[in-house]
Every structure is written in C-alpha cells, then in structure tokens.
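Only heavy atoms go into these numbers, but all of them, side chains included; no hydrogens, no water, no symmetry mates. Proteins come first, then strands; the chains are lettered A, B, ... in the order of their sequence lines, and each starts at number 1.
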Number of protein chains: 2
Amino acid sequence: MTQGEPPSRTPRSRPTMREVAALAGVAIKTVSRVVNGVPTVDPAIAARVREAADKLGYRPNLTASSLRRGDGRTATVGMLVEDAANPFSAALTRTVENVARGRGSLVLVGSLDEDPARERELAQALIDRRVDGLVIVPAGRDHSYLISEQRSGTCMVFVDREPSLLDADAVVSDNRQGSVTAIEHLLKSGHRRIAYLGDQVTISTAAQRFDGYRHALELAHIEYDAEIVRHVGSSESAAIAATEELLALPDAPTALFTSQNFVTIGAVRALRALGLQDTVAHVGFDDFPLADILSPGISVIAQDIERLGRTAAEMLFRRLDGDESPTSTVTVPTRLIERGSGEITAAGPVG
Amino acid sequence: MTQGEPPSRTPRSRPTMREVAALAGVAIKTVSRVVNGVPTVDPAIAARVREAADKLGYRPNLTASSLRRGDGRTATVGMLVEDAANPFSAALTRTVENVARGRGSLVLVGSLDEDPARERELAQALIDRRVDGLVIVPAGRDHSYLISEQRSGTCMVFVDREPSLLDADAVVSDNRQGSVTAIEHLLKSGHRRIAYLGDQVTISTAAQRFDGYRHALELAHIEYDAEIVRHVGSSESAAIAATEELLALPDAPTALFTSQNFVTIGAVRALRALGLQDTVAHVGFDDFPLADILSPGISVIAQDIERLGRTAAEMLFRRLDGDESPTSTVTVPTRLIERGSGEITAAGPVG
DNA sequence: TCCCGGTCAGTCAACGTTGTCTCAGCGTGG
DNA sequence: CCACGCTGAGACAACGTTGACTGACCGGGA
C-alpha cells in the first residue's frame, strides 16, 4: 500500500454555465447555445466561450439539462439482468450497451438474483432516475406494477422471458423448438431413454424447454417417464446430485438433456466423476465458454445472445423514437452445435 | 412474433409533486416532506398525501432532487471496464454493484475495449451525468485529463491497473508476486526452460507480470532467453499461434507460463491440438470458469476479483463520505491453485 | 431618409425538487 | 391575560439548464 497526496485540496464545486458566461463576458444563454452547437452564434464569440469553458474545465450538467428539456430524456437506459456476473447476462448487457452507445446512451445495470422483490425495487430505482427505457430479464411472474410506469411513458422491452400481466415488447429464444431439436438429435443416435434435467418450471423459459422435451418424446411415441425428469434449481451442486441419482437408477437413461447452463455444467462434472462422459450422451441448452475444449466437446443448443440483446435494444430505441405500433414478441431461433457429447450413440461411444 | 396493443394509449407525462399536492390539498413542500420521510408532518396529512401519491402513481424525480439538494448526489456510480462481457469485468462489476446497492446507489457501466479515446469519452459521459464517483479499469496510459474532474470533487478509484499522471486511489493484484509464485512452482517440478506468453507490455499489468517472470528466473540463476518469450495481444488466436511456434522450437520449453486469461485459453487449445497437454507443464495467470474440469485441470494464479471490486467500491464510498486521507494503492494478493497442468514434471506427466 | 426584415445576443420563466424562512396556531407559565 | 416558545405548514427562491420571447443592430429597397 503506497501513499500519495489527498485527492483534492480545494473540493470546490463544478463550474456552471454562469461562471463560463461571466468569464467570457456573455449571457448564460449564449453559453448554452455554444455548448449545444447552435449555429447562430458569432464564431468569435463562440470561440471565446469555448476558451472560457476549457479554462474552467466546464462540463455540462446533463441532469439539469434533461430536467429542463422538453422531452426529459436522460440518455440513459436501465438494464435488469439475472446476475451481471454470469456469462449470459454479461453478454446481453454488452450487446445492449453497444446499441445504446450508438445512440449516445449509457446503461445502468442491476442484478436481480431471481428475486421478484428486487426486480420491483430496482425497476423503481431506475424509473426514479428517469431512465429513458428499460430492458428487463424479469425475475418475477407479475409485472402489473409496471403498467402505470408504461402509461407514464417509460418504454420497456423484456428479454429472454416474456412479461406476465403486462402488455409489453419482448424478445425471447425459441426455447420449445430448441428442446425439440435437442431431443430429436438424441433420438437420431438411437436413444430412447433420455433424461431431462432442468431449472424450476416456475421460470418460464424452463417451462418452455421442458414442454419441448415432452413434445418431442410424444412425436416419437415414447412414453413420458417422470422418474428420469428432475426440476432442480439452477445450481451446479443440485445438478450434480441429480445426475448421479439418475445414472444410478436400475433402468438408467442413455442420454441426458440439461436445459440450463449451470445444470449442464453440473451434469458434465458428474458424468466425468463417474467416468461416463464417453458413454452417456448429453446435450445442454445454452452454450458456455470452453464447451468445445472438453473431451468430448459438449453439444449444445446455443442461444443467439447477441441477437437477443441487439433486437431488444433496437426495439426499445424504436419506441423511444415514437413507434406506436402494437407490442410484439420476437422469437429468436436457437442453433444446435454438435461437439461430440450429443453424438454418442445409444450403444456406446461414437467412432 | 405475437402481437398486442400499443404500449400506451395516452402517453401523458409523469405526475409531479405539484399534482400530488393539488390532489391532497396541501402545499408542494408538504408532499416533499412526506416523500422524504420528514417526521414533522401530521400523520393524518401524511396519510392523505401518500394516498394521493399512490393514486396518481407518483414517483419522485431523483434527477430534479439531486439538482436541488445541497450535495448534488445522484446515488449513481460509474464503472468503466475493459468489456462488460468478459468474466473478469463482469465479476468486478457485480461486486461493485453489490457494495453500491448497500449504499442505495446504482451502477452505470461502460466498456472500453482497451481504447484510451473511449476511456476519455465514457469518463466524460459519466461525469456529465454527475455520477457520485468512478471506478475505472483504465485502458489509457495518461489520466491527467481527470485532474480537473478530481479537483471538481468527483471521486475515483482505479482497479486492476494504476493511474498514470494522476494521483488517485487504486486497488491492484500483486501481479509481480503472482508471477514469481507461478515460476517458482514450475521450477519446483524441475523445469528450467519456461516460456512466457503474455499480453503487450504497454498494459501495466502485463509488464508487472512479465517483470515477475524475469525476477523469478534471476533468483533461480536461470538465464533469460528472449526466444521463448512472446508478447502477443490478448487474443486467443495469437496465443495459439505463438504456442505452436514455441513448441516447434528445436530447444522447446518444457513449461509454459501464460500471463493473461485469453492467452491461457489459447495455449490450452494449442497444447491439446498438439496432444501435449499432459507433457508440457502450464500455469496461467487469472482463473477462468471450467479450468478445473479439463484434463489435466489448469493450474492458475487466481486473482481475488471479489476483493478487488469490494475494496475499490469501499474506498470510493469512503471518499464520498468525506475521507480526505492521502491517496493509496491497495495490493491484493493472488493465490496459486494447483489443478494438474502446473504439476507436470520436467521429465513428463505427474504420477 | 425611413422602414422593414433578418440576424443574433440577451431576458425571463420554467423544469421538479428542496433549503430557508415565515407565520399561524396552540399551549404554557408568569 | 399576555408574552413566549414551540410545532408544523406554507411561501419563496434556487439548483443548472433551456424554450419562448424581446430587442438591438444592420443592410437594403422604396
């Protein structure tokens, strides 16, 4: 731990337009015009103003500006995700940030940790700061508390999960079809006993993915067996335990479908611990870093996170630009990535 | 794509204290008092005000409030990271968010992508929005542009990399010592020819880590050989190419030290492609998800990201609380995690 | 010469809120 | 019975900025 000077001797407050105006010998309004690039200012005066501003280290106060301006825009959007630290949320945030940057906006982030109360709290906190719009990966199942905000003119777009009890734009992955694709892929390799391991079905995406699983089995005339279906949370440890249980069954599954990131990783760990990674087929929903480097590589149904985020942000800004069309839900397709684990045949390892 | 109603029939603007006051039949100031929980309000009147506020869906305008308030605080802090999507930045952001939440603050994030111009731009954008403070993982090598902001009372803390040409608080990992630990660990397994693969040394952390590498060799009386040292960028592909080159040398290294996340992953890929993952020892700087699940597991020098972020945020808030002590740089220790790859002996695989 | 239109800087009020001050009303004690 | 202090609500101005308007000045056409 090294030491230096105190960070500021004279913590005098920030210069305002008033001070710039005084130094340049003009009216405040003229400073305002120069700062905002209004062309009807004499170039000589404008130069004097800019010089004064630079000298004082003047920076416009956007909060004051947004308060006074007609539209009240703050050039800030709010983003509520599950957890800013997890790869899905982080990638989504980054994409939204990119679109926002193109519009001169910054992003305020908040992590919900699957807590509906926190969702409400943070949404309110964002609204209190008068963000121009909200991008939400919701935690709760009741968004009616946002109706009044929507009426008051706050734009909002839901991502990954659709809103409940609220009519709002949304962008979601085609979860059901993704699951169907996964199961059909496993069926192709001769599997008939395919276990399902997923998040709690109270989470809508988990419900949709589970629904896809059942639907695909039905199409293949395979009877649904609740014994090889587990709705664990989204924790790795729960997934590990469940995987071990499933594989210890007398009539153990020959293939695994895991419908969420952490569940997939838990299953991978369990399979490797049991030495079954080359014996039991496995397809996961959601891609994850380094899935390709494992052996076997983990086959996944990948979501197009970049497209989810970009679409959501673009919808939001379109609304901010005055788009009054009916709300819509955009479905983004998923993609099967074959890496080895999903291509293990019912008889044993591939090749 | 499904359809619904337009999101808001009457986009009337948000109710203000004035309207609440009118409905409750009191003065605006009284509404202000109720909203701010000032106790000297008649309970009956307070109840009437609250009722009116609820009825109108009133939400305080924090931007107006912060403008008027004496301290001008916005309850918002700015966070500039390398890339909100990468695991290090994401984890750091989340930690800062957690501390901020405890203080009623939200976090505005911006990604710099190692671009100094972007750093300046975004720092200005955050300051224009009057964030209370800044947490910065800097991209540039000249932070003098922040001196005037600091003088104007904006608090700032640097993380991961120290500020240049600016006197400010910082929290960094003990990069040099981390490297020394890594190299000494490899030496212990009998390695004498240890390659270095890292980011450009213009990045201060890379320089420090490289410095640790050289220092450790010196301590062990091993001559430095520039031939087995590569300063590639932080891209996986460049790291793959460099690793392949190194291992194709006539006098190839028996161990690899990679000083950055993506470089480590590139090296892992290259080693596996060459089938040398069990032959060439490898220690990486920075932990990464699933490093433990590979075979062999990748031994790393792990940074304590949680502590970096928490310490930085706490320093920031201490400054905001009026701490005027001299600036300081806190060094956070790193930790060696043995997982297999770093324990391969010079003769061949361990065990 | 005068008037008119155009150009461009300045004045004033307002955005939504809160700090400061005022003042009405009440109870208390001399 | 009155002066006094206290409680609690309202009036007013101000935070830093911008929208709407005003008004000074200039050049050109009648």
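- For DNA chain C, the residues of residues 35-43 of chain A within the heavy-atom distance limit of 4.0 Å (strictly under) are T40(A), V41(A), D42(A), sorted by number.
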Collect all protein-nucleotide pairs involving nucleotides 19-27 of chain D in which both atoms are nitrogen or oxygen and the distance is under 3.5 Å.
| from | atom 1 | to | atom 2 | distance (Å) |
| --- | --- | --- | --- | --- |
| dG19(D) | N7 | K29(A) | NZ | 2.8 |

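- From R103(B), atom CZ reaches atom CG of L316(B) across 9.0 Å, with rounding to the nearest 0.5 Å.
- Separating the CZ atom in F317(B) from the OG atom in S105(B) is a distance of 4.0 Å, to the nearest 0.5 Å.
- Taking only side-chain nitrogens and oxygens, T30(A) never comes nearer than 4.0 Å to OP1 or OP2 of dA9(C).
- S32(B) comes within 4.0 angstrom of a base, heavy atoms only.
- The separation between R18(B) atom CZ and dA11(D) atom P is 12 Å, rounded to whole Å.
- If you take OG1 on T329(B) and CE on M315(B), they are separated by 7.0 Å, rounding to the nearest 0.5 Å.
- Atom CG of L67(A) and atom C1' of dA13(C) are 13 Å apart (whole Å).
- Remark: A21(A) pairs with V26(A), I28(A), V31(A) by the side chain to side chain contact (heavy atoms under 4.5 Å, CB included) rule, at least two apart or across chains.
- Checking side-chain atoms of R318(B) against main-chain N and O of D323(B) turns up no donor-acceptor pair under 3.5 Å.
- Using a 4.0 Å cut-off between a side-chain N of Lys or Arg and a carboxylate O of Asp or Glu, K55(B) and E51(B) do not qualify as a salt bridge.
- Looking only at atom types and distance, the side chain of R307(B) has no donor-acceptor partner in the side chain of T311(B) under 3.5 Å away.
- Side-chain contact check for R129(A) and T76(B): at least one donor-acceptor pair (N or O, by modelled atom type) lies under 3.5 Å.
- Looking at R14(B) and E149(A), a side-chain N of the basic residue comes within less than 4.0 Å of a carboxylate O on the acidic one, giving a salt bridge.
- Pairing each heavy atom of V135(B) with each of A312(B), the nearest pair is CG1-CB, 4.5 Å.
- Near DNA chain D, meaning a heavy atom under 4.0 Å away, the residues from residues 45-66 of chain A are Y58(A), P60(A), N61(A), A64(A), S65(A).
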Check against side-chain contact (heavy atoms from CB on, under 4.5 Å), V172(B) and T205(B): CA-CA 9 Å; V172(B) 297; T205(B) 49; over 6 Å; no

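- Taking atom CE of residue M17(A) and atom C1' of nucleotide dT11(C), one finds them 16 Å apart after rounding to whole Å.
- Rounded to whole Å, the distance from CG on D128(A) to C1' on dG16(C) is 13 Å.
- Over its full length, the helix from dT1(C)-dA30(D) to dG30(C)-dC1(D) turns its helical axis through 70°, comparing axes from the five pairs at each end and rounding to 10°.
- Residues T74(A) and D132(A) bring a donor and an acceptor atom of their side chains to less than 3.5 Å of each other.
- Residue E19(A) contributes atom CD, which lies 11 Å from atom P of dC15(D) at whole-angstrom precision.
- Residues in residues 129-156 of chain B take part in these ring pair (Phe, Tyr, Trp, His ring centres under 6.0 Å) pairs, two or more places apart or across chains: H143(B)-F158(B).
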